[in-house]
Amino acid sequence: MAFSPAMMGYDRALTVFSPDGRLYQVQYAFEAVKQGWSTVGIKTPGGVVLAAEKAVTKSLMDVVSIEKVSMIDTHIGVTFAGFGGDGRVLIEYARQIAVSHRLTYGEPIPIEYLTKQVSDLKQAYTQHGGVRPFGVSLLIGGIDSSGPQLFKTDPAGQYFGYFATSMGRGEAQIEEKLEKNYRKDMSLEEGILLALKVLKESSDQDLKAQNFDVGIILAEKKEFRKLTLPEIEDYLKKI
Amino acid sequence: MAFSPAMMGYDRALTVFSPDGRLYQVQYAFEAVKQGWSTVGIKTPGGVVLAAEKAVTKSLMDVVSIEKVSMIDTHIGVTFAGFGGDGRVLIEYARQIAVSHRLTYGEPIPIEYLTKQVSDLKQAYTQHGGVRPFGVSLLIGGIDSSGPQLFKTDPAGQYFGYFATSMGRGEAQIEEKLEKNYRKDMSLEEGILLALKVLKESSDQDLKAQNFDVGIILAEKKEFRKLTLPEIEDYLKKI
Amino acid sequence: MAFSPAMMGYDRALTVFSPDGRLYQVQYAFEAVKQGWSTVGIKTPGGVVLAAEKAVTKSLMDVVSIEKVSMIDTHIGVTFAGFGGDGRVLIEYARQIAVSHRLTYGEPIPIEYLTKQVSDLKQAYTQHGGVRPFGVSLLIGGIDSSGPQLFKTDPAGQYFGYFATSMGRGEAQIEEKLEKNYRKDMSLEEGILLALKVLKESSDQDLKAQNFDVGIILAEKKEFRKLTLPEIEDYLKKI
Amino acid sequence: MAFSPAMMGYDRALTVFSPDGRLYQVQYAFEAVKQGWSTVGIKTPGGVVLAAEKAVTKSLMDVVSIEKVSMIDTHIGVTFAGFGGDGRVLIEYARQIAVSHRLTYGEPIPIEYLTKQVSDLKQAYTQHGGVRPFGVSLLIGGIDSSGPQLFKTDPAGQYFGYFATSMGRGEAQIEEKLEKNYRKDMSLEEGILLALKVLKESSDQDLKAQNFDVGIILAEKKEFRKLTLPEIEDYLKKI
Amino acid sequence: MAFSPAMMGYDRALTVFSPDGRLYQVQYAFEAVKQGWSTVGIKTPGGVVLAAEKAVTKSLMDVVSIEKVSMIDTHIGVTFAGFGGDGRVLIEYARQIAVSHRLTYGEPIPIEYLTKQVSDLKQAYTQHGGVRPFGVSLLIGGIDSSGPQLFKTDPAGQYFGYFATSMGRGEAQIEEKLEKNYRKDMSLEEGILLALKVLKESSDQDLKAQNFDVGIILAEKKEFRKLTLPEIEDYLKKI
Amino acid sequence: MAFSPAMMGYDRALTVFSPDGRLYQVQYAFEAVKQGWSTVGIKTPGGVVLAAEKAVTKSLMDVVSIEKVSMIDTHIGVTFAGFGGDGRVLIEYARQIAVSHRLTYGEPIPIEYLTKQVSDLKQAYTQHGGVRPFGVSLLIGGIDSSGPQLFKTDPAGQYFGYFATSMGRGEAQIEEKLEKNYRKDMSLEEGILLALKVLKESSDQDLKAQNFDVGIILAEKKEFRKLTLPEIEDYLKKI
Amino acid sequence: MAFSPAMMGYDRALTVFSPDGRLYQVQYAFEAVKQGWSTVGIKTPGGVVLAAEKAVTKSLMDVVSIEKVSMIDTHIGVTFAGFGGDGRVLIEYARQIAVSHRLTYGEPIPIEYLTKQVSDLKQAYTQHGGVRPFGVSLLIGGIDSSGPQLFKTDPAGQYFGYFATSMGRGEAQIEEKLEKNYRKDMSLEEGILLALKVLKESSDQDLKAQNFDVGIILAEKKEFRKLTLPEIEDYLKKI
């Protein structure tokens, strides 16, 4: 049996550096993200699309009750890939940050500022003892005074802005499709269609309307809302 | 002797990630759940059924005194699989959450909200040092303003809604039977019969009425109650 | 030399899960219980019997001064198997719970409620860092508004009700005898005789009256009292 | 080289269970006791004798200044075997318990109650992290309302009453002699002679009066006092 | 398989010394810096240049939104190499230090004093348990009463002043070029051109204007500002 | 290569017991004492002598400035062997204890009581986690109401009274000489001469007056004072 | 491959003793000191000289900005060898001690008293868990009421007075030269020349004026000041 350096103990204690300057526990948390259900985020002038598959394998699971795309504030939505429990905790944290910002400053929180706050929490969980990093990446989308915004924050506490991106097990395949088909001037509707298309094509299941969770934030209204099942069905027909 | 990666130390310290992005301590806690007595939850328009076997092997154990299905609030019941002590602690925690909600808001707690609170505690026990994850899964059923609800929460702190599901050593076999026999429009009575039937058939013991613990929450009355021994006997005769 | 999984480190750190979902430190604590002196608890309509052997090997030990059956409250008694120091600490804890209940509610504590409190403490010692589990099982017997009660609580923090049961090194042998000879309608006197008989027969010593510690809680009086040496001698003659 | 289970790590961390239900750190603390200087305690109707050898090997050590038998309260004495520093700390603790009891209740502390308090401290040091068990056993003797009392408390936090007993490197040999020569009705004087005799015979040194430390608690006066050098010399002549 | 000393455990626990007097965890943190995107700092009489590449590989990443050169106070800028999350945390910390200094003393913070404060935090993370060192180096540039200043602070908490320096994966190559081409009397414009030139030449990508982040602090105005995309494009044409 | 039990890990964690009932960390601390410079303490009816060599190997070290014998209170002196830093900390601690005693009781602290306090601190550092034992032994000498006193306290927190004793690398050789030459009725002057003689003879250096540090506490005056260089020279001539 | 005892784990945990009574972590911290830039301290009747090389290898490093000799109080200077970050923290600590002494007592702090305070902090970092020892030695020089003083304090928390001494990579070679050339009656000017000479001769670089940092504390003025570059150049010409 071969012993990789990772097996020699660098990853045993709390989050520490390996000789090549990596944080193994954080690397492994990225693996958890890669095993999550596929998700997509697309930014268009008309608004932001956040979409996720709900690749349920048990027929008696109440797939409709599963929420993969959630509202953080009226102008911000989020989807995640990785550990569900970790995702839920971070979303709750983001909501508190957003509410607190409204109360303190009397205005909606800027999307990047919210993303930074969530990322700071994640970073702290990679540097201090007695905790493990969060095993989850988030796609945070919304509309603020600078227009449509889309950020991805990873287990290391880093974040970047994107025009379109993906997380979860279909990430590689989906990003390839996005690079081919995404246009910065596409309409929100086209964005929704693209999101559903790449999710459907990259999945190893035959996804129905109920297997998708889609949230959009309209640039004009600055309002997050979830697509209804009939709406998703309509879009699926158009693909 | 072969050394599995699990033996190399990833599971020795507090809950940490393995190279493939899993939390071993959490995986092992799932094993504890799989060794628990079988339990079933079934959601029908008329209400929710929670049923569990009490597969006692010692003849002098006072099987009647063992509670596997418990009330959390008047409109919510729970059953568990895994470590009994852990289950008891979580049920007590759920009761406090429910009582506190009634006192604060003057109304019964929504089932999913309660489930989320319990799951958040479980998640915290997978991320912070100095504790081990809870070795128990819970089935939480009840009636709230959205009608009958049935949720399963696992050691990782994740939860999902179900129409019908199972936990414990008979889980695989029971879920197969449920998939074949469950209908969304079945009556509560049919649900009770199905629950007892799958438990009885999947058990390696000859279960009598006293070896079952059954709680139902009627959709109309929104009230949890336990079936009496004679009631269970009547149902068993009907199987 | 063979290396069992138990030797690979799962049991080295604080109480953690092994790959098969067990808590080794808790399993080992059960071993401590199995090496304790034999104890018996028997529930009859007329009351509860708690009896233990005092298998002293040193002739100059003051065997009479050794207490293996103790009063918790006027209506509750207890006996233990395992580490004496751990047992003493838990009994003291139970006494405080019982006293506090009397002060708060003005009435004697229900037996199961007391058992639950003690078991909760035990559970906590299996889940949190910086402590080891309690190496002791308790038999708690008493009379409350529901009549005679007999519970056994183990190092994992689980508890069950029993009609008759045993703990300690003679457990297997004694339980076999109890299953053959126990009747739910036996008199308290018959219960005492059965308890002494199974203890005597399962011991590898020639137990005299002074080598027994026996406490009874009469159903009618709801009062715990210890049998005197002459009383035990009388019972021994009747065997 | 052979690896005993004890070498596999069970004893490395803080006090934990081994697979056979033992607490290795506590077992090893018992070894420290076995290497201590020999001590004897004897209970007679006329009072209690506590005696210890002071087997000094350095001729310039001021053997007279070494105290192995100490007063805890006017009616209680103590001797120890094992780590001197640990013994001193426990004796100081016992004194505080005794003084506090006098202040609170206006009467001398019962011997067993004091022993229990000291043993509880010892037990706590076997169950909680960040400390090691006490490497010392104590013989606590005294007179209270129940007459002469003699208790031995060990590193595990257990204690038992004795008529006569020994601790330290001569324990096995001395207890054998005590079993042969002790009589429950012997006079205090006979008890003193027996104590000195067994200490002297079991020692590998030629013990002089100054190599003994002897304390007695007279049943009538309920008073602890140390024997003077001339007194010890007189007794030694009588052997 | 060869075992390097680094594998023997020196780097497993919290930051400790190795036999040759190094702190491995700190050494490894330096490796993280070496893998960061290349950055350059150049000090001229006319002001300080801080420049960094943004070597984005994903075409849909919003490269313009990525900030590698940031303002700390109106007279100070910073760039980093290493872990982005760590960098962000330190920059935030530096901003608080600078603001607090303005509030307390009513004047802009001296550059070296700010650098020292940030370095002290880094040092503390190499000496105390329960944390890992920061995996990031910072280039801090600015103008204070002593004129243009440029400091580099590393993961060990050390800092030095520089005329021109580099960090990140191109460091060796870039420093060589700087040594050849830097003149202490070069104009700020020449400094900007040199910075862009060495970054462009050392990169394995074909860097466009959008792949650079450049901040300058003018000596006269004592003001930090970022170059605009058109400005960078102009400079790139001049190379 | 042979592996001694000490290498198997018993000494790796905080101070724990080995299978044979020893505390390895404490044993190793004794080794530190054995490598210290030689010291001597001698008790005579006329007072106590504390003497130490200062075996400096570097010619430019300011040997006169090195203090090996120090005052604790006007009637108490101390010398140490082992880690200088640890010794300094304990001496400071002893001074505080002595001052506090004077303030509280209005009288000089008894020598043994002071020794006990210092030894209690040492014991605590052998039993609690997060610290290492003190690597130093102290010789505490002084005059109190019981006359001249001389105590040695070791890393385990034990202490004993002595007529004459030694610590440090010459201990074995010096104690042999002391046993041959010490007389309980020797004058203080004879004591000083003996102390210097045994130190000089056991040293592998050619000790001059400046290589000795000598303190005496006169029985009559109850006052500690250091011998001056000329005084030491005079004594050296008399040897 | 050979395994040295140091590799067996003694140095893995927090600072613990090895079987031969050493503290490995402290030994390794001494190694860090040995790798530092060379430093020299010389005490003359006219004052104290503290000098250090600044052996910068990067031509664009601003060598003039590097401070190796610093003022602690107007009458005290310091230089260090080892980890720069650690040195800076200790110097800051020393400054606070000195300021606090002035405020409390209205007079300059004695040099040895200051050295003791700094050394006590260092000692504490070798005895308590959760921290590593300081990887730095300090040379503290100054003038107080006893005249010129020069002390060296090491990572173990020990300190000694010196007439002349060295630290860092040239230590052995420099001390040999000092022993040959130092005279207690040399003038301060001769001391400065000697310091620069031994630093220059022991360095593997061709040191210029800018590669030296020199501080002097004049005995008469009791004032610390740094030599200017021209002053150093003048001295270098005189060598």
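When reading the values below, keep in mind they use all heavy atoms of this one structure, side chains included, and skip hydrogens, waters and symmetry mates. Naming: A, B, ... by sequence-line order, numbering from 1 per chain.
- For chain C, the nearby part of B:Tyr125 is the side chain; its heavy atoms alone come within less than 4.5 Å.
- Heavy atoms of C:Thr126 lying under 4.5 Å from chain B belong to its backbone as well as its side chain.
- Looking only at heavy-atom pairs under 4.5 Å with chain C, the residue among B:Pro133, B:Gly135, B:Pro155 that has the most is B:Pro133.
- Of the N and O atoms on the side chains of C:Glu53 and C:Ser203, at least one donor lies less than 3.5 Å from an acceptor on the other residue.
- For the options C:Gly157, C:Ala156, C:Ala124, heavy-atom pairs under 4.5 Å to chain B are most numerous at C:Gly157.
- Proximity to chain C (any heavy atom under 4.5 Å) is restricted, for B:Gln35, to the side chain, taken from C-beta onward.
- Every pair passing ring-ring contact (aromatic ring centres under 6.0 Å, His included) that includes a residue from residues 156-194 of chain C is listed here, sequence neighbours excluded: C:Phe151-C:Tyr159.
- When each of C:Lys116, C:Arg22, C:Glu112, C:Lys152 is checked for heavy-atom pairs under 4.5 Å with chain B, C:Lys116 comes out on top.
- By the 6.0 Å and 45° rule, C:Lys68 stacks over the aromatic ring of C:Phe80.
- Proximity to chain C (any heavy atom under 4.5 Å) is restricted, for B:Glu92, to the side chain, taken from C-beta onward.
- A side-chain hydrogen bond (donor to acceptor under 3.5 Å, both in side chains) check over residues 80-90 of chain B, counting only residues at least two apart or in different chains, returns the pairs B:Asp86-B:Arg132, B:Asp86-C:Gln123, B:Arg88-C:Asp120.
- Under the 4.5 Å side-chain criterion, counting only non-hydrogen atoms from C-beta, C:Asp20 is not in contact with B:Glu31.
- For the residue pair B:Ser119 and B:Gln158, no side-chain donor N or O sits within less than 3.5 Å of a side-chain acceptor on the partner.
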